[in-house]
Amino acid sequence: MFDSHCHLTDERFRDDLAEVIARAWRAGLEGIVTIASDADDAERALAIATSHDRIWCTAGIHPHVAAAATAADADRVLAALAHERVVALGETGLDYHYDNSPRDVQRSRFEWHLQAAVETGYPVVVHSREADADTVALIRAHPAAIGVLHCFSGGRDLFDAALAAGWYISFAGMITFRTFDGPHLVAATPADRLLLETDSPYLAPVPHRGHRNEPAYVAETWRAAAHFRDELPEFTARLVADNARRFYRLPAD
Ligand SMILES: [Zn+2]
């Protein structure tokens, strides 16, 4: 198993990060990618990645803080890519649910990441919430970029457009919720484009719902995905770990 998206720099991991990571390895994870939300966070994520063999990280500016980011922050994100433990741009994207940054600023910052992905060849990690149409338009406007729609919560049009563009789809703990309405999308994701993640410390899967999430809990999401896909759990686990390695272009074990 592989946790392709979590936030180990979150303050909720400050007191026991070593135990959280140890539990992930004990649960059978073979790798973790910790995702940055801004330029400072990318430096913290890199510090974690450089001190653990099987943890990698990203560099990017989250749509929530797009309006606060400066040109210097953008330069720091690009500079971070020079480090071998930084494996993707992001997370970037559009969040029209919270609207923490003005939408036009979110769109231009997302475009900047897509352009940077094309220019540098790095994949891009994308958050899209209640912004399906604009996300589709921006994916189509940058056909040379390859990305993942993380914690997928969109509709069929976004799902189809992303797959047609060669993108990956990642599901998080909400696929374990009784109210989850997208089992057909989990089942319809091609075997070579499926990723799973915790997005920890957010969105803990059942039976940990309501508590802090952590990478070891990706096992619950994996079991739900295997069930929806009618696959043997071991098969899905191998698939998802291989996909994460390919997407993030990680070295072979
Ligand atoms: Zn995230």
Side-chain angles (χ1 to χ4, degrees), residues 1-14 17 20-21 24 29 31-46 48-49 55-66 68-69 73 77 80 85-101 106 109-110 113-114 117 122-131 135 147-154 158 162 167-177 194-205 208-209 211-218 220-222 225 240 243-244 247-248:
M1 265 315 302
F2 201 106
D3 186 359
S4 66
H5 188 123
C6 63
H7 298 273
L8 295 181
T9 54
D10 192 277
E11 61 179 17
R12 276 170 280 179
F13 291 127
R14 195 182 45 208
L17 182 63
V20 166
I21 292 170
L29 269 68
I32 296 171
V33 177
T34 186
I35 306 291
S37 301
D38 62 32
D40 288 340
D41 196 35
E43 281 169 14
R44 291 191 292 269
L46 182 55
I48 293 172
I55 301 182
W56 293 268
C57 68
T58 69
I61 296 162
H62 196 285
H64 286 342
V65 294
D73 291 333
V77 164
R85 310 293 293 187
V86 180
V87 292
L89 283 152
E91 75 182 85
T92 177
L94 304 172
D95 193 313
Y96 294 174
H97 178 77
Y98 286 111
D99 279 324
N100 286 344
S101 292
Q106 293 188 47
R109 188 48 80 193
F110 183 18
H113 284 85
L114 289 166
Y122 281 81
V124 60
V125 177
V126 171
H127 168 112
S128 175
R129 187 153 181 209
E130 296 173 24
T135 301
V148 58
L149 292 176
H150 107 89
C151 195
F152 188 81
S153 65
L158 177 57
W167 285 42
Y168 289 62
I169 306 284
S170 181
F171 295 96
M174 60 205 194
I175 76 169
T176 67
F177 299 173
L194 175 71
L195 294 178
L196 298 176
E197 63 176 281
T198 57
D199 203 17
S200 53
Y202 311 104
L203 276 175
H208 309 286
R209 195 172 180 183
H211 297 103
R212 182 189 70 176
N213 197 0
E214 63 176 66
Y217 299 168
V218 77
E220 311 299 338
T221 302
W222 152 54
V240 164
N243 290 346
F247 176 75
Y248 287 118

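Just so it is clear, the values below take in all heavy atoms, side chains as well, and ignore hydrogens, waters and symmetry mates. A quick note: this is a predicted structure, and the numbers were derived from the prediction, not measured. Indexing begins at 1, ligand by ligand and atom by atom, following the structure's order.
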Residues T9 and D41: side-chain donor-acceptor under 3.5 angstrom: yes
Interatomic distance, H7 atom NE2 to R44 atom CZ [nearest 0.5 angstrom]: 12.0 Å
Side chain proximity check, F152 to I175, heavy atoms < 4.5 angstrom: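 Heavy-atom side-chain distance check fails, nothing below 4.5 Å.
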Residues, nucleotides or ligands: over 12 heavy atoms within 6.0 Å of H97 NE2: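 Yes.
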The Zn ion (ligand 1) to nearest N/O/S of H7 below 2.8 Å: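 Checking H7: at least one N, O or S atom is under 2.8 Å.
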Atom nearest to the Zn ion (ligand 1) - E91, N, O or S atoms considered: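 This turns out to be OE1.
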Metal site angle (apex the Zn ion (ligand 1)), OD1 from D199 and NE2 from H5, 10 degrees: 90°
